[in-house]
Every structure is written in structure tokens, then in C-alpha cells.
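The structure appears right after this line, and notes come after that.
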Number of protein chains: 2
Amino acid sequence: MVDETEAEFLRRYNIHDYDLPLVSVDLAIFTLRDQRLQVLLVERGAHPHKGRWALPGGFVDLKQDRELLDTARRKLQEKTGVRTPHLEQVVSVGSASRDPRGWSITILFMALIPPVSLQGGGAVDDVRWWPFADACALPLAFDHRELLLQARERLRNKTAYTLLPIHVLQPPFTLTRLQQAFEELLGEPLEKKSFRRRILSADVLEEVGEDLPEGGRGRPALLYRLRRGAEQHVFSRVVLADRL
Amino acid sequence: MVDETEAEFLRRYNIHDYDLPLVSVDLAIFTLRDQRLQVLLVERGAHPHKGRWALPGGFVDLKQDRELLDTARRKLQEKTGVRTPHLEQVVSVGSASRDPRGWSITILFMALIPPVSLQGGGAVDDVRWWPFADACALPLAFDHRELLLQARERLRNKTAYTLLPIHVLQPPFTLTRLQQAFEELLGEPLEKKSFRRRILSADVLEEVGEDLPEGGRGRPALLYRLRRGAEQHVFSRVVLADRL
DNA sequence: GAAATAGTGTCTTTTAGACAGTATTAG
DNA sequence: CTAATACTGTCTAAAAGACACTATTTC
């Protein structure tokens with residue numbers, strides 16, 4: 001054993017000799033519907049916490065998933081049908097107490113998608129969009145309320161210095177719509193002129209025509225979409241620096 | 001089974017019925033020694049990748065650790081003896097291929113500590129500080145080179161809008177020392193006046209006397225330490241906005 | 001005095017905040 | 001015309017960049 005090779009070591013190695021934590025991936029999937037931030041929840045059809053609303057998620061499938069992001073993408077597509085969203089890792093939380101089945105870890109992801117209607121295809125689980133505040137007021141499963149709040153926090157923070165809110169809109173969009181999305185995700189109103197100057201001078205949007213406003217009344221607005229490669233744009237100053 | 005209670009479900013539930021990934025916690029422990037960013041590595045004394053240098057880390061101990069942060073704190077104290085460092089989660093990485101023992105996940109933490117000499121107490125493993133660039137040039141175990149680079153990236157980013165570099169200094173320190181720490185972690189020189197204005201006007205430091213410079217020659221410098229509660233200070237503007 | 005290090009004065013540049021103004025549409 | 005919505009002009013304020021300047025020490 002002293003001079004054992006790595007191959008010999010691996011032949012002897014049995015993963016079942018060790019106590020391992022449970023590992024799941026959970027998703028906070030956000031969108032903007034009716035001008036409000038909404039989050040996708042599923043009603044659990046199985047124990048534990050059967051009947052409670054929870055973030056969509058599940059265990060890593062060691063056969064099917066090659067990496068963590070695959071698990072997240074798979075779950076997102078199962079629930080929403082969306083394939084190319086904004087999807088980013090938020091944090092991992094693990095403790096002996098968060099799941100009654102034992103020591104458990106979850107890797108939390110956050111997804112931003114344009115509003116889609118849900119194809120009720122889900123087997124046992126009931127799935128629906130909840131306005132963010134309503135979701136927080138529910139008695140969520142596990143520690144999903146804290147997870148949801150952490151994702152919300154990340155969303156607010158990054159809204160202050162990136163273009164994240166663009167991903168909850170269906171392009172093309174007007175600058176007014178975009179500003180409303182930023183305001184809803186920040187939870188604060190923004191100055192119109194400052195907002196437009198900031199976005200336009202960053203040169204991250206492409207003009208793609210114009211359109212009358214919703215009500216049919218008023219001056220037509222220019223339509224935009226995100227310029228290719230501009231997803232990663234980072235502003236060097238934060239908006240609303242004193243109010244956040 | 002249809003109307004099984006949660007208690008009944010949990011009685012039947014056996015964690016060993018499922019395939020679970022391996023879960024480890026790894027640490028990128030940074031400090032500043034001889035004005036250079038250095039990182040702590042251990043030479044692996046066991047398979048796999050025996051003999052290679054690696055980030056310190058290990059498996060979550062389901063008996064001993066109540067949460068992920070406990071595992072990170074335990075590993076940090078084992079290697080450095082440091083108890084109250086800056087310690088933050090960076091990212092989790094998981095895939096089927098990153099560890100020859102099987103599907104494996106690591107939760108990467110980053111620690112910043114003042115320079116300490118290592119009590120060679122480590123059992124089999126050899127432990128030492130490496131200048132960052134040298135560490136990157138080594139053939140590290142597993143995907144630890146990528147992990148190290150991700151931690152470095154986080155460190156550089158946060159140096160541009162927080163006080164992170166303060167944690168690699170032994171207080172009290174002069175503003176010149178602090179600026180050198182910022183510069184080393186950013187990899188870029190900073191303007192003296194801008195730096196001092198930024199730090200002093202944020203009101204995050206406490207004056208605690210003064211001292212002659214290292215060489216004994218030159219005007220004495222004021223000494224500072226971090227004001228209580230100021231660890232979390234966030235600047236609303238990023239430094240070197242155009243060069244990063 | 002010179003050399004070395006600490007610290008300041010002040011002008012410019014960038015970009016956000018405020019807010020009143022003009023432009024273009026439907027009816 | 002009015003109402004509604006889109007968009008602009010322009011002043012102020014805050015903070016970073018640049019860089020020359022002064023201050024205090026040892027020798």
C-alpha cells in the first residue's frame with residue numbers, strides 16, 4: 001500500500017464507503033409579467049414538505065448531467081421550455097438541518113427569462129408564476145424562502161451596474177419598457193434622462209424600428225434589442241448609489 | 001403509500017439508495033508576503049494526484065460540520081491556525097470528469113489573512129506559500145488551476161470597489177502599505193492622491209498613532225486600522241474603471 | 001544641505017441627479 | 001385644440017485622474 005499506484009488506488013476506491021451529503025440544484029426563475037417581478041414555484045407532490053410551494057430543482061443526475069450547469073439547464077427546460085436564458089450560479093448552501101433526509105447541499109441558480117406561459121406538462125407537481133412578494137409570504141419548503149431572498153438580492157445588486165433586466169423582456173422593447181423593468185427589479189424609480197443617457201451612451205443597444213405606444217396614443221417610440229456581445233457590459237458606476 | 005405521512009416517508013428513506021456526487025470544500029488562501037500576493041498550497045500525500053500541489057480542502061465531515069462554512073473554517077484553521085479571517089464563498093464547480101473517483105462537486109472558498117508562518121504541523125501533507133504566478137505555473141491537482149484563477153478574479157474584482165485588501169495586512173498599517181496592497185491585488189498602479197482621498201473620505205479607517213518608515217528615513221507616517229463595522233464598505237464607483 | 005518618504009492643492013474629466021423643456025402621435 | 005407618450009437641453013454635484021507641490025524625517 002505504501003507504493004500503491006493511482007490506478008490501484010482507484011480500483012480499491014468505493015464511493016459507498018463514505019457518508020456523503022445529498023446534493024440538489026435549485027432555481028430561482030424570474031420574469032416580468034404585468035410589469036411585476038414574478039418567480040416560478042412548484043407545489044411539491046412528494047415528501048418531504050409535500051404540498052408546500054418550492055423553488056424548482058432536483059438532484060443531480062449522475063448519468064445524465066455532465067456538469068452542474070447541465071442540471072440547472074435541464075430543470076429550467078422541464079419547467080418552462082426555455083433553452084437560452086440568462087442563467088447564473090448564485091450561491092451554495094449546505095447544512096445538517098436544512099433537509100429532514102439528512103446533511104444536504106443545494107447549489108442555487110438564478111434564471112431570467114421573458115414571460116412565457118407554462119405548458120402544464122408537469123407530472124405530479126403543480127407549477128405557476130407568483131408575484132415576488134406573494135411568493136415570499138408563502139410557507140415555502142425547506143429554506144427556500146432564504147434562497148429566494150438571496151437570489152432577489154443578487155438580482156437587485158446586479159441591476160445597479162449591469163444590463164440584467166434586459167433578459168426579462170421580450171425583444172424588441174422601448175426604452176420606456178426597459179426603464180420600467182430596471183425600476184421594478186431595483187424597487188426604486190429612476191430619472192428618465194439619466195437612465196437613457198446611461199444606456200444609450202454605453203452603446204449596448206441596436207435600433208430595430210419604431211412603434212406606437214400601447215394605448216395607441218402618444219409619440220411613437222424607437223424599438224431596441226441588445227447588441228450582440230453586450231450582455232456582459234458592466235457600468236463603472238452604480239445607479240442610485242445613495243439609496244441602495 | 002398514497003397517503004403516507006412525512007414521518008413514514010422519512011422512516012423508509014435510505015440515503016444509500018441513491019447515487020450521490022462526492023462533495024468537497026476547497027480553499028484559496030491568499031496573503032501578502034514581501035509585497036507579493038501569495039497563495040497556500042499543499043502537496044498531496046495521497047491518491048489521486050499524489051505528489052501534486054493542490055488547494056487545501058477536504059470532504060465535508062457530516063459528523064463534525066454543521067454547515068459548509070464550518071468545513072471551510074476547519075480546513076483554514078488546520079493549515080494556518082488563523083481563526084477570524086475574511087472568508088467568503090466563491091463558486092461551486094461540479095462535473096463527472098473533474099475527479100477520477102467519480103462525479104464530484106467542490107465548493108470553493110477564498111480566505112484573506114495577514115502573513116503567518118506555517119506551523120509545519122501538517123501530518124503527511126507538505127504545506128507552503130507560493131507566489132501567485134508560480135502557483136499558476138505548477139501542474140496543480142484536479143482542476144485546481146481553474147479554481148485558483150476564479151478566486152484570483154474575484155479578488156481583483158472586489159478590490160476595485162471594496163476594502164478587501166485590508167485583510168492581507170497586519171494592522172496597524174500606513175496608507176502607503178495599504179495602497180501597495182491594493183496595487184498588488186489589482187495588478188495595476190494607483191494614483192496616490194486619488195487613493196488617499198477615496199479611502200479617507202469613506203471614513204472607514206481609525207488613526208492609531210504614527211511610525212517612521214521602514215528604512216528609518218523619511219517623514220513618519222500615520223498608522224491606521226479598519227474601523228469596526230467598515231469591513232462591508234462598498235464604494236459606489238469602481239477604481240481604474242477603464243483599465244479593468 | 002541632500003535623499004527619502006508622507007502627505008496636499010487644485011485643475012480636469014466623467015457621469016449621475018434634477019427638472020423643465022420640446023416633439024410627435026391619436027382623437 | 002387636448003391628452004398622452006417619447007425624447008432632449010442643460011445645470012449641478014460627486015468623485016476619479018493627473019500631476020506638481022509642500023512637509024518631516026535621517027544622514
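A, B, ... follow the sequence lines: proteins, then strands. Residue 1 opens every chain. This structure is a prediction, so every number in the text was calculated from the model and none was measured.
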Taking [atom1] from [X] and [atom2] from [N], how many angstroms apart are they, rounded to a whole number?
X        : N      : atom1 : atom2 : value
A:Asp242 : D:dA14 : CG    : P     : 10 Å
A:Asp211 : C:dT24 : CG    : C1'   : 14 Å
B:Lys192 : C:dT5  : NZ    : C1'   : 8 Å
A:Phe235 : D:dA15 : CZ    : C1'   : 19 Å
B:Glu210 : D:dT24 : CD    : C1'   : 10 Å
A:Arg237 : D:dA13 : CZ    : P     : 14 Å
B:Arg196 : D:dA23 : CZ    : C1'   : 12 Å
A:Leu222 : C:dT24 : CG    : P     : 12 Å

With respect to the side chain of [X], which nucleotide from [options] is positioned closest?
X        : options               : answer
B:Arg217 : D:dT24, C:dT14, C:dA3 : C:dA3
A:Glu191 : C:dC19, C:dA16, D:dC7 : C:dC19
B:Arg197 : D:dG17, C:dT14, D:dC7 : D:dG17

Discussion item. Given A:Phe182, which partner from the list A:Tyr161, A:Phe235, A:Phe195 fulfils the ring pair (Phe, Tyr, Trp, His ring centres under 6.0 Å) test?
Written reply: A:Phe195

Practice prompt. Look at the side-chain N and O atoms of B:Arg198 and state whether any lies under 4.0 Å from the OP1 or OP2 oxygen of D:dA16.
Written response: yes

Item to complete: Looking at every strand, decide which applies to A:Ser201 at a 4.0 Å heavy-atom threshold: base, sugar-phosphate, or nothing.
Response: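 The residue A:Ser201 makes no contact with any strand.
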
Discussion item. For a quick check of understanding: with a heavy-atom distance under 4.0 Å over all strands, which category does B:Ser194 fall into, base, sugar-phosphate or nothing?
Written reply: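 Touches a base.
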
Worksheet item: Backbone N or O of A:Gln89 within a donor-acceptor pair of the A:Arg154 side chain at under 3.5 Å?
Response: yes

Worksheet entry | Short side-chain to backbone donor-acceptor contact, A:Thr106 and A:Leu108, under 3.5 Å | no

Discussion item. Ring centres under 6.0 Å, that's the criterion: do B:Phe173 and B:Tyr224 meet it?
Written reply: no

Worksheet entry | Short N-O contact, B:Glu88 and B:Lys158, less than 4.0 angstrom |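 Result for this pair is yes, salt bridge flagged.
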
Discussion item. On DNA chain C, does the nearest nucleotide to B:Thr174 precede the nearest nucleotide to A:Arg219 from the 5' side, or the other way round? Give the residue.
Written reply: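 Result of the comparison: B:Thr174.
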
Discussion item. Both A:Ala221 and A:Lys193 contact DNA chain D. Which one's nearest nucleotide lies toward the 5' end?
Written reply: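 The answer here is A:Ala221.
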
